[in-house]
Each structure stands twice: as structure tokens, then as C-alpha cells.
Number of protein chains: 2
Amino acid sequence: MESQDLRSAGLKVTGPRLKMLELLENTHGRHLTAEAIYRQLIEAGEEIGLATVYRVLTQFEAAGLVTRHHFEGGQAVFELERGPHHDHIVCIRCGRVEEFYDEAIEKRQRAIAEKLGFKLHDHTLTLYGECSRPGCQRQNSES
Amino acid sequence: MESQDLRSAGLKVTGPRLKMLELLENTHGRHLTAEAIYRQLIEAGEEIGLATVYRVLTQFEAAGLVTRHHFEGGQAVFELERGPHHDHIVCIRCGRVEEFYDEAIEKRQRAIAEKLGFKLHDHTLTLYGECSRPGCQRQNSES
DNA sequence: CTTTGAATTGAGAATGCTTGTCATTCCGTA
DNA sequence: TACGGAATGACAAGCATTCTCAATTCAAAG
């Protein structure tokens, strides 16, 4: 149950937090903006404020429950942290996001950081391209 | 002379554009925010508006003269496009930016995009860590 | 070296995303 | 079940960036 996830993250169990976790879990593989989460909850009849969505996402991020990505375009997208690290490839036409993991790249990154005298904390790698899905068109807003 | 760079980029030669190009060229290896460029020009006695700085940077970017990076932290940073492609490693304490290039990583990226059915256009790779410079402290604003 | 139209500029307003404020409400312990 | 602190929602505020528009500047032509 999600309440347990919240508790073990040191967060009080509240309605908004549960609803948001639920939504994130039922949106497998998706990368949602705060706005999109807000809209979906409102449309589902929930009573929630956009400020709360942002606040809770920030808390989730601090607790390691979600990851925040800054793909190109103003809005940040949030992704439920599930399983191991991965990077992303984003379609510049339809916005679709795929995930990938490449050990060779990871290894080179560690080597580069060490060579340059950095203690590596984190990294972001995002590829941008055009995907080959049949329905790939300039679709943007996800309701 | 910089005027030639502007002309060949299809841009009219104007005072603000020349000053900005000059500043970018004399700030070798640096990654500047729009705000920083604005401040430095003002301090140098130039008469320029922040809106112009943003506008011109966008034009420079479109012309391929500069690259815009979205490192963490709200502001974008701009870098004069000089020489071949490279990625970045940023110190999370002092903000210092180093550049690197790794053919193995580039090659893997192309392979990954192809495998996932994407026509690769671009990518961003940024490593974050702590550098080992003696003077590395929470220094931020660069005047 | 002037004229002249279009491009560029500066100032401030406006926008879009995100965070802060604060009174009200909710959670969970006693 | 009552209580205190944390969480919430509505709205204001903040920040980076873009837009608007009248005034200025550029450069091509006369």
C-alpha cells in the first residue's frame, strides 16, 4: 500500500499525497508535468491545489520517490523512481520519452570525472531525436 | 573582426551585437548567464537592455554562434560556439564548468538512438560533482 | 553624404512556471 | 476524543524570459 511508502519516507499520510502517488504509479512509464498531475486530479474530481502538487513533488523528490527532469521546454517533468538508474531519449516531435541504460556510458562518465578531479555526484544525459512511431505528430498536451 | 562573423551569420552589424560577441570572445572557456552578460556590459559603461541581451543571444543561438545550456538552477548559460562538440562537468559547490569530449560515449549514443528507432538530432550530457580546486567554495555570482 | 524603409533597440509590461504566505483543515499521538 | 504541529488551498509574489511599441540605428541607394 502506498501509505507505507509515504511513512517510510518520513512523510505524513495525507489525501493529496496518496492521490498523487497513486496517479504516478498508475501512469507507468510516463513523465508528467506538475500541471498535468494537477489537471488529472481535478478532472478525477479531487480537490487539490497546484501549489500542493508542486510542494508534494518537491518532497517526493527529496525523499527519493520521484525524479525531476528538465527536458527542453519550460516545464519540469516528474517520474516515479522505480528500479535502477536510467537516462532518456525524447522525441522532439511528439514528446514521447523512452528510457535506456548503458553501462559503457556510465563507466566512461566515472572515468572522465575522476580524470578531471571531480567527485561525481550525479549526471543528466538526454538524447533528442525523431521517433519512428506511426502516430508521431506534434501532439503535446496530455490530458 | 567580429563584424564579419555577424554578417556571415546573416545578422546586421549593430553595437549591442558587437559588444556581446566581444565579451563572449574575451571570456574564454566561460559560461555566462544573460544576466551576467548584461551586468558586465552595464559596468563597462555600455548602454544596453536586458531584453536585447536575451534577444541577441537567441539570434546567436539560431545562427549557431552560441550554445545555450540548462544546467541546474533556473538560469540558462550561454557559451560561444568554438571548435568541436563537447559535453560538460559542473562543480556543484563553486559552479566551475569543465568541458570534455569522449568518442566512446558519442558512439554509444548513436547506437542507442538507432536501436530505439530514433533519428538522433542532439543530446545533452552534464556531469555534476565536486571539483578539487583549492579555492572551491560556494562562490556564485560572477561579476 | 543625405535619404529612407526596415530592422533593431530599450524600457517596462506581460508571461509562464514555480515558490511563498497565511488562515483553515487535517493527521496522529496522548 | 482533544490537541499541537504539519499540511493544505487560494492567491500573491518571485524569477527568468519574452513581448510590445515608440524611438533609434543600420545600410542600401540616390
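Chain letters run A, B, ... following the sequence lines, proteins first, then strands; residues in each count from 1. What's counted below: heavy atoms across the whole structure, side chains too, no hydrogens, waters or symmetry copies.
For A/Tyr38 and C/dC17, the OH to P distance is 14 Å, given to the nearest whole Å. Regarding B/Gln59, its CD atom lies at a distance of 12 Å from the P atom of C/dA7, rounded to whole Å. Remark: P of D/dT25 and CD of B/Glu46 are 14 Å apart, rounded to the nearest angstrom. Atom CD1 of B/Ile37 is separated from atom P of C/dT9 by 14 Å (rounded to the nearest Å). Atom pair A/Met20:CE and D/dG9:C1' shows a separation of 14 Å (rounding to whole Å applied). Atoms CD (B/Glu47) and P (C/dT8) sit 19 Å apart, rounded to a whole Å. Straight-line distance from the CG atom of B/Leu57 to the P atom of C/dG10: 13 Å, rounded to whole Å. Put simply, CG on B/Leu6 is 12 Å from P on D/dC26, counting in whole angstrom units.
Contact check on B/Glu114 versus B/Lys107 returns no salt bridge, with no Lys/Arg side-chain nitrogen under 4.0 Å from an Asp/Glu carboxylate oxygen. With respect to the salt-bridge test (charged N to carboxylate O, under 4.0 angstrom), the residues B/Glu46 and B/Arg17 do not qualify. Checked for salt-bridge contact, B/Glu98 and B/Arg133 meet the test: a charged N lies under 4.0 Å from a carboxylate O.
Within the 3.5 Å criterion, the main-chain N or O of A/Val13 finds no donor-acceptor partner in the side chain of A/Ser3.
Here the straight-line distance linking atom OG1 of B/Thr52 with atom OH of B/Tyr54 works out to 12.5 Å at 0.5 Å rounding. Atom CG of A/Leu21 and atom CG of A/Leu23 lie 10.0 Å apart (nearest 0.5 Å).
For the residue pair B/Glu81 / B/Thr67, a side-chain donor-acceptor distance below 3.5 Å is found, with atom types taken as modelled. Side-chain contact annotation: A/Glu79 with A/His69, donor-acceptor N/O pair under 3.5 Å present.
Within a 6.0 Å sphere centred on CD of A/Glu47, other residues, nucleotides and ligands contribute 12 heavy atoms or fewer.
Relative ring orientation between A/His88 and A/His86 is described as perpendicular, the plane-to-plane angle rising above 60° on a 0-90° scale split at 30° and 60°.
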task = Could you walk me through whether B/Asp87 and B/Glu106 pass side chain to side chain contact (heavy atoms under 4.5 Å, CB included), step by step?
result = CA-CA 10 Å; B/Asp87 295 305; B/Glu106 302 289 327; 3.3 Å; yes
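Rounded to 10°, the angle separating the first-five-pair axis and the last-five-pair axis of the helix from C/dC1-D/dG30 to C/dA30-D/dT1 equals 30°.
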message = For a quick check, with a 4.0 angstrom heavy-atom cut-off, what is the B/S/- contact string for nucleotides 13-20 of chain D, read 5' to 3'?
response = ---SBBBB
Base versus backbone protein contacts along nucleotides 23-30 of chain C [heavy-atom cut-off under 4.0 Å; B, S, -] = ----BS--
